[in-house]
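Before any comments, here is the structure.
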Amino acid sequence: MKNDHLMGGIRRVILSKVARPGLPIFGLIVAAIAARCASAEPPERTSFQTNKPWHAWANLPADVAMAYGIDKSLPERLATWRNAGYVPYVMTGVAWGNYQDYYYGRFDGVNHEDQAQTQKNGEKIGHGGDVYYMSPGPDYGKYLCVGVKRAIDAGAKAVVLEEPEYWVRAGWSGNFKKEWKQFYGDDWLPPDSSPDAQYRASKLKYYLYRRTLADVFAFVKSYSKQVGRDVKCYVATHSMINYSHWGIVSPESSLIDVGCDGYIAQVWTGTAQTPEFYDGVNKSRTFETAFLEYGQMQNLVKASGRTMWYLNDPVADDPSSPWVYYRHNWECTLVASLLQPEVWRYEVAPWPERVFHGKYPRHGKPDDRSQPIPENYAVELQATMRAQEDLKQPDWKWENAGTQGVGVLVADTMMFQRFGPQMSDGDLGSFFGLSMPLVAAGVPAEAVQMESAAAKKDFLSPYKLLLLTYEGQKPPKPEVDEAIADWVKAGGGLVVVDDDRDPYNAAKDWWNENGRHYAMPRQHLFELLGVPADSEGMHSVGKGFVLYEKKSPADLSHDENGGEIVRHMCRDMAKQIGLNWEESPAFVMRRGPYVVAAGLQESPAKKMVHLDGHFVSLLNGNLPVMDGVDVEPGRRYFMVDLDKYKGAVVAASARISDEKTDDSSVSFSFWGIEETPARMLVRCEKSVKSVKVGTEELPTNSWRQDGKWVWVNCANSAKPVKVEIQY
């Protein structure tokens, strides 16, 4: 790897020695200087979150440790991770947490029990015990700032605010009714009383959490200046796609405007396995859904240049499944995230203690059926964690995929139509009915954020073909329609699929207020395009084209031929704009020396993709070397191209530093999660005589050589251990 791996290893060794009594003063001085040099600009590429102090079995090969929770134990917990050589971040929940001091009035002398999110039947939405999802009042952000200050004082380099979530089925609390009156100037309406009431309730929920986070961001920026550090503010959040599907409102894209430095995209088994309809079949499509979720989150920051991290979870919140289930779904989400080349920062695990110290399946306490993590999975996880640190690769390309430059327009308002007797399709067919036919056919379609299109000139210019519906969502401002119309006139191809039957067209918003009298926002868009609102078919607009089909995307998702109908529209549009339309049975991407691939089970293109070359699979704990690979339907691949990788240690279930090669030997140091296997694949150009780990020579049954490849097997260590391979 690169020099930062070396420096990270040096820093870890130094810190362990500085903490040891009896080190000579000269050695302390040298160590202190070296530590400062090593950590002047510590890398921040991989991270994990935990509410535990450092432990050898949670010693992940990663850069950043995010200590979870802002209670009084935080400074001590965070110090253990910082002293172990990790970059210290702090994460805390926004919507819920152990915030009883605020809830019961011990914080400011005012009882805030009316700020629990409340359903129509009076039931409060909780997270166990007296921990409730909050309907945040004007002082809630001030309360969170007390804990955030504790985090900054403890040395946090970044503060991560997790999951600002307001359930759509809530909206009956006393605080929400007061906020409604202040926000709208009229009396509260039950959110389920009409589409307009639900839409307005969701807009208010969106605003309340934006206000809370804006207060915290402002405090962090102000206090950072006082302490002389640039503390970053990140938001850990599900994708807008998932929140829409699950019935949650969150401020999402608007946070960029109030001080958010970036996001952690929380996509994992729990979100991506949510079933959806495609071609009339309702089932989980973990890889395809994750691909769309990660893509939407990446698109969220394109206009602003803010930072994006991608979460992968090797287990899941539900402990009742076997390891094979977790492993399969983790591989799906991992590969989906790696196929987004503009992102190269990863949260490699939430709660490592439940991954590397948990036993599954279990219902309640572990029993005889519950098993610890399989050795090969532990190897696979750490091998990919090491490789993820090396994915800031400028030379990337699609090697196999369908037509690029295709997108499906989305807006945060998709979250606003998810409750009540006239709620939008509960399976989110308005989105998946347009997007899944593309991804299933190997077209790397991207969910394209309308808010960004309105905010940044030429944001849409990289796209050649866009699909749009206002079913299930609405353009948040008229500038969205203006940006889309300008893009079409400049040569874009727009496919509009909408039957105009969405009852939320009648919600009170910009298209029917302040002198505008459109029955639906699509009429405004078509007026800008110069196309009669009810005229179906293909229309020439400037240098581009618009194809309007009066169909419901949700209905198409339930149609066994719905996918082909959507693709037929896209083929017609591609022909009009001179775009070569291609479909593929697989996604294959090269990122420097790494190859990422996914075989697609539902693609109409059936011919299997074959990759020539020599590879080592990182999704196999044995780290096998392969000559050529067939990308099989339903299989996921993360591989190192052996012909392009330049280092000696090609793959390892540990972090590697101090790598050296000469005519007589290869040497390096490794460290990782204690009580897990350290398995390493090393390039050796000569016949190997011996392998030494630490001071001990490995027996011949712990290493083997095949040509120029040597596999070394030993136990991982939380502290760096040197390996010497003698020729």
Assess, by modelled atom type and distance only, whether the side chains of His55 and Glu353 contain a donor and an acceptor separated by less than 3.5 Å. no
Taking every heavy atom of Thr274 against every heavy atom of Ser284, the minimum-distance pair comes out as C-OG, 4.5 Å
Does one side chain, of Asn312 or Tyr294, offer a donor that lies under 3.5 Å from an acceptor on the other? yes
Please report the closest heavy-atom contact between Ala483 and Ala453, naming both atoms and the distance. CB-O, 3.4 Å
Taking the six-membered ring of Trp167 as reference, does the NZ or CZ atom of Arg169 fall below 6.0 Å from its centre and within a 45° cone about the axis? yes
Regarding Tyr346 and Ser47, do their side chains bring together a donor and an acceptor under 3.5 Å, going by distance alone? no
Work out which heavy atom in Arg345 is nearest to a heavy atom in Glu44; give both atom names and the distance. NE-O, 3.6 Å
Answer yes if the side chains of Ser173 and Asp114 hold a donor-acceptor pair under 3.5 Å, and no otherwise. no
Could you tell me if Tyr310 and Gln388 have a donor-acceptor pair between their side chains, going purely by distance under 3.5 Å? no
Taking side-chain contact (heavy atoms from CB on, under 4.5 Å) as the criterion, tell me which of Gln417, Met415, Gln473 meets it with Ser244. Met415
Kindly give the heavy-atom pair with the smallest separation between Tyr166 and Pro136, and that separation in Å. CE1-CD, 4.2 Å
Backbone N or O of Val267 within a donor-acceptor pair of the Asn242 side chain at under 3.5 Å? no
Could you tell me whether the side chains of Ser135 and Asn175 share a donor-acceptor contact shorter than 3.5 Å? yes
His245 and Phe432 aromatic ring geometry - parallel, tilted or perpendicular at 30°/60° bounds: tilted
Tell me whether the NZ or CZ atom of Arg200 lies within the 45° cone about the ring axis of Tyr184 and under 6.0 Å from its centre. yes
Please report, to 0.1 Å, the donor-acceptor pairs under 3.5 Å made by any side chain of residues 125-134, with sequence neighbours excluded.
unit_1	atom_1	unit_2	atom_2	d
Asp130	OD1	Gln100	NE2	2.9
Asp130	OD2	Tyr104	OH	3.0

Using 30° and 60° as the class limits, which term best fits the ring planes of Phe291 and Phe287: parallel, tilted or perpendicular? tilted
Are Glu342 and Gln298 linked by a side-chain donor-acceptor pair shorter than 3.5 Å? yes
How are the rings of Phe107 and Tyr102 set to each other: parallel, tilted or perpendicular (split at 30° and 60°)? tilted
Between Asp153 and Tyr223, is there a side-chain donor-acceptor contact under 3.5 Å, judged purely by atom types and distance? yes
Summary of side chain to side chain donor-acceptor pair (under 3.5 Å) pairs that have at least one residue in residues 256-272, sequence neighbours excluded: Glu162-Gln266, Lys221-Asp261, Thr271-Glu293
Would you name the heavy atoms of Tyr103 and Lys124 that are closest together and state the gap between them? OH-NZ, 2.7 Å
Hey, could you give me the CG/OH distance between Leu428 and Tyr243, rounded to the nearest 0.5 Å? 15.0 Å
On the six-membered ring of Trp188, is Lys177 placed so that its NZ or CZ lies under 6.0 angstrom from the centre and within 45° of the ring axis? yes
Heavy atoms of Leu144 and Ile70 approach each other most closely as O-CD1, 4.0 Å
